[in-house]
Protein chains: 2
Amino acid sequence: MKIGQATIKDIARELNVSSSTVSRALKDYPGISDETKRKVKEVAEKLNYRPNAIALSLRKSRSFTIGVIIPEVVHFFFSTVISGIEEVASSRGYNVILSQTNESLTREKSSIDTMLSNQIDGFLVSFSKETTDFEHFSRLLDHGYPIIFFDRVPNIPHSINVMVDDYQGAYNATSHLISQGYNRIVHLAGPKNLSISKERERGYRDALSNHGIPIDPTLIVECAYGTSDEGFKITENLFKQLDKKPDGVFANNDIAAAGAILACKSLGYSVPNDVGVVGFSNWQFCSMIEPTLSSVSQPGFKMGLKATELLLDLIEKKLDPDTITEPIVLETELLIRNSSVK
Amino acid sequence: MKIGQATIKDIARELNVSSSTVSRALKDYPGISDETKRKVKEVAEKLNYRPNAIALSLRKSRSFTIGVIIPEVVHFFFSTVISGIEEVASSRGYNVILSQTNESLTREKSSIDTMLSNQIDGFLVSFSKETTDFEHFSRLLDHGYPIIFFDRVPNIPHSINVMVDDYQGAYNATSHLISQGYNRIVHLAGPKNLSISKERERGYRDALSNHGIPIDPTLIVECAYGTSDEGFKITENLFKQLDKKPDGVFANNDIAAAGAILACKSLGYSVPNDVGVVGFSNWQFCSMIEPTLSSVSQPGFKMGLKATELLLDLIEKKLDPDTITEPIVLETELLIRNSSVK
DNA sequence: ATTTTTATTGCAATCGTTTGCGTTGACGAT
DNA sequence: ATCGTCAACGCAAACGATTGCAATAAAAAT
């Protein structure tokens, strides 16, 4: 019982020609008679021949596979990006191999190692929360290894970054809250070491300043895990402890925002009448909760598309990495729903 | 500029030994002097040697890679399963290559083809909604190719299926609604050709029957896409058209259930006082919406773990496929929240 | 001193495909 | 009859690692 696929040799044997001839015939090389080509293709069809991609990879030192490294799969934004990645990759004939780090640096490094062993043609990376040192990426970049960073991007030489305009998104969200008459606005911030968190906080701060509202540091609280419970507790504490109650929340992410809404409700505050809330990422549930949650939509799918197109162009030498010096920034969109409109 | 990794030959050249010796030294074969082993390992370290997995795959006809085929990534349940898959695979030294079919049969078939070309060691499959003919899978199974089906499983010879107890989950959910005093319960059903849909509907029907409630076919509506909008419209229509208004909804999935809740609210019905609602899958948003949505939790992560363990055991011949004749059924859990308790 | 044993290592084939170069034979031209 | 030309195809190396089977040398046994 021959379980393996038919090879070029099988075709060659059947026709009493050499494997070179078969190889060339299959790819319509000149110098092979039409007669032979016909016969080869016929037998190939008959034997259900499929080229062995592994052998090809070995020969060409190219695997037509790209590696994707992300913190977690069970995440609306990231899974959306994956979807975009998969789209472009498969349409251009590449495979996608996936590894989630679960926010662990160790895991991140070992994933890279095994992917390198697998002769990955390039990487698409959004690094973990633990990653503060980028040595392991720089080394690859120095070797000319194709890498595109997305969303969570490093600030290192030669890195090509695709990101959303977190600053502008946060600025718009906060300005919107202000324009609706909220002015003691809490910011549930993200992990400090991620640039996206910093950018969002900066957008929040600038929006306040530009509208003449003083920045109160006690209203800015880091929400490191980004869970609903965390958002709930932090919000509850703030409302309990502060004499001057807040009247707005701009959260670094939707889940924390949802927690904040629940906290407000449990304390007897009405959202949006007493407290306005805006989240970030536009998870699916935003339009399903009560009140529906205003949020900054990140173009995850588009980001996946863009990052992958860049990577493949890089791999196929259609693009010179040195021509890209600025990050590619995708625009966000503020989706105004009920949670922030009085 | 040598961008490629160092190979065994590089080590061999550096030490003036043959590549065989290096290969053996690296794996601590007997018959290689300790002295040589030491030196080889030293140089390997120095050159930052990483074995070329592609070459190994070619030699062994094994790629240490498994292929995952799922309908979509941006889906709470499926992404959770992926997470479980990734967990086991990486801990046992396997790569995961991913392909989403977007519910298209054509895409499903072509994914299988390219994965076969890539000498995938085995498949983890949840097929598309379009798939009604399983020829393309049977052929592989007949060749002894390792495949595990999960969640959406076929009824074909020799297939190994991992599924959740959809019947019991639906039965429990419906029974729960009945015990809470609801008795004209709508069922928003799933796509007819998926066995999970049928099983859930069967659970719903049996629960009604066993509690002496007649089954009203007009209350069973297929919700093919499973979107919030679809759930909304179907529910709205039912309430508008029927003289005897329903007082409960058991939905095939949470998103449709969320749509149903919105519809009820918009029609002025109170959930849970007028209408009780239970969903399926326990998406994250269940505890964030108002009222919090009761749902049947599917053990997605566990399913990923189990399916992958089975597959790898199959691949590594630790498991004889013929010993598994019954599907592996994982238990669901009914999470009772506010949407179904008066 | 000769044979046998043992410890180390190398040769070469193999996995499936590609590809530079050489070979073969037919044919027309001289 | 000899040569050159050209179409059509085969040889063999290469990609990187593994492995059965020698081969070699030194050490042990006789």
Side-chain angles (χ1 to χ4, degrees), chain A residues 2-41 43-44 47-65 93 114-121, chain B residues 2-41 43-44 47-65 93 114-121:
Chain A
K2 176 150 189 172
I3 164 173
Q5 290 283 331
T7 76
I8 272 195
K9 288 186 188 171
D10 295 326
I11 302 177
R13 203 175 309 122
E14 179 118 355
L15 289 171
N16 273 323
V17 295
S18 72
S19 13
S20 342
T21 305
V22 175
S23 172
R24 285 190 262 251
L26 286 172
K27 326 204 103 179
D28 275 328
Y29 264 53
I32 301 289
S33 70
D34 290 345
E35 173 67 7
T36 311
K37 285 183 187 171
R38 221 207 60 242
K39 281 198 280 189
V40 165
K41 287 177 184 169
V43 176
L47 297 181
N48 192 31
Y49 169 76
R50 302 248 168 285
N52 183 322
I54 295 286
L56 246 160
S57 297
L58 182 59
R59 184 89 225 285
K60 307 244 176 183
S61 304
R62 302 250 292 95
S63 61
F64 284 94
T65 302
T114 73
M115 287 192 181
L116 282 177
S117 279
N118 280 279
Q119 310 300 107
I120 288 297
D121 291 343
Chain B
K2 174 149 189 174
I3 164 173
Q5 291 285 330
T7 75
I8 269 195
K9 287 184 189 171
D10 296 324
I11 302 178
R13 203 175 310 121
E14 179 119 355
L15 289 171
N16 273 322
V17 295
S18 71
S19 17
S20 342
T21 305
V22 174
S23 172
R24 286 189 264 249
L26 286 172
K27 325 206 101 176
D28 275 328
Y29 264 53
I32 301 289
S33 70
D34 291 344
E35 174 65 8
T36 313
K37 285 183 187 170
R38 222 206 61 241
K39 282 198 281 187
V40 167
K41 286 177 184 168
V43 178
L47 297 181
N48 191 30
Y49 169 76
R50 303 248 167 285
N52 183 321
I54 296 286
L56 249 159
S57 296
L58 182 58
R59 183 87 226 283
K60 307 244 172 182
S61 305
R62 302 252 291 95
S63 61
F64 283 95
T65 301
T114 74
M115 287 192 182
L116 282 177
S117 278
N118 280 280
Q119 311 299 108
I120 289 297
D121 291 343

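Chain letters run A, B, ... following the sequence lines, proteins first, then strands; residues in each count from 1.
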Please report the shortest heavy-atom distance between B:Asn118 and B:Thr114, naming the atom on each side.
ND2-O, 2.8 Å
Per atom distances to the A:Thr36 side chain, the nearest of D:dA17, D:dC9, C:dG16 is D:dC9
Hey, does the side chain of A:Ser23 come within less than 4.0 Å of C:dT17's phosphate (OP1/OP2), counting only N and O?
no
Does D:dT19 have OP1 or OP2 under 4.0 Å away from a side-chain N or O of B:Tyr29?
yes
Rounded interatomic separation in angstrom, taking CG from A:Asn52 and P from C:dT14:
17 Å
Which part of the nucleic acid, if any, lies within reach of B:Ser20 when heavy atoms closer than 4.0 Å are counted: base, sugar-phosphate only, or nothing?
base
Donor-acceptor contact below 3.5 Å, side chain B:Ser117 vs main chain A:Asn52
no
Report yes if at least one side-chain N or O of A:Lys9 is closer than 4.0 Å to OP1 or OP2 of C:dC15; otherwise report no.
yes
Within less than 4.0 Å of OP1 or OP2 of C:dT19, is there a side-chain N or O belonging to A:Lys27?
no
Starting from C1' on D:dC6, measure out to CD1 on A:Ile32 and report it in whole angstrom.
14 Å
Establish, with yes or no, whether the OP1 or OP2 oxygen of C:dT17 is under 4.0 angstrom from a side-chain nitrogen or oxygen of A:Tyr49.
yes
What nucleic acid atoms does B:Val22 come within less than 4.0 Å of, heavy atoms only: base, sugar-phosphate, or nothing?
nothing
May I ask you to evaluate whether B:Ser19 reaches the phosphate of D:dG16, defined as a side-chain N or O under 4.0 Å from OP1 or OP2?
no
Can you check whether A:Thr7 has a side-chain N or O nearer than 4.0 Å to OP1 or OP2 of C:dG16?
no
For B:Ile8, is there any backbone N or O sitting under 3.5 Å from a side-chain donor or acceptor partner on B:Ser19?
no
Can you measure A:Ile8 atom CD1 to D:dC15 atom P for me and round it to whole angstrom units?
19 Å
Give the rounded distance in Å between these two atoms: CG of B:Leu56 and P of C:dT14.
19 Å
Taking atom types as they are modelled, would you say the side chain of A:Arg24 forms a donor-acceptor pair with the base of D:dG10 within the 3.5 Å cutoff?
yes
Base, sugar-phosphate or nothing for B:Pro30? Non-hydrogen atoms, less than 4.0 Å.
nothing
Starting at the 5' end of DNA chain C and moving along, which residue's nearest nucleotide shows up first, B:Asn16 or B:Leu58?
B:Asn16
Quickly work out the A:Leu116 CG to D:dG16 C1' distance and round it to whole Å.
16 Å
Judged by nearest nucleotide, the residue sitting upstream toward the 5' end of DNA chain C, B:Ser33 or B:Ala55, is B:Ser33
Classify the nucleic acid contact of A:Ser57 as base, sugar-phosphate or nothing, counting any heavy atom under 4.0 Å across all strands shown.
nothing
Could you tell me if B:Ser20 and B:Ser23 have a donor-acceptor pair between their side chains, going purely by distance under 3.5 Å?
no
Length of the CG-P vector between B:Leu26 and D:dT19, whole Å:
13 Å
Decide if atom NZ of A:Lys37 counts as having more than 12 heavy atoms of other residues, nucleotides or ligands within a radius under 6.0 Å.
yes
Length of the line joining B:Asp34:CG and C:dA7:C1', which is rounded to integer Å:
12 Å
Are B:Lys60 and B:Asp121 close enough for a salt bridge, meaning some N to O gap below 4.0 Å?
no
Atom CZ of A:Arg13 to atom C1' of C:dG16: distance rounded to whole Å?
12 Å
Taking OP1 and OP2 of C:dT9, is either one under 4.0 Å from a side-chain nitrogen or oxygen of B:Thr21?
no
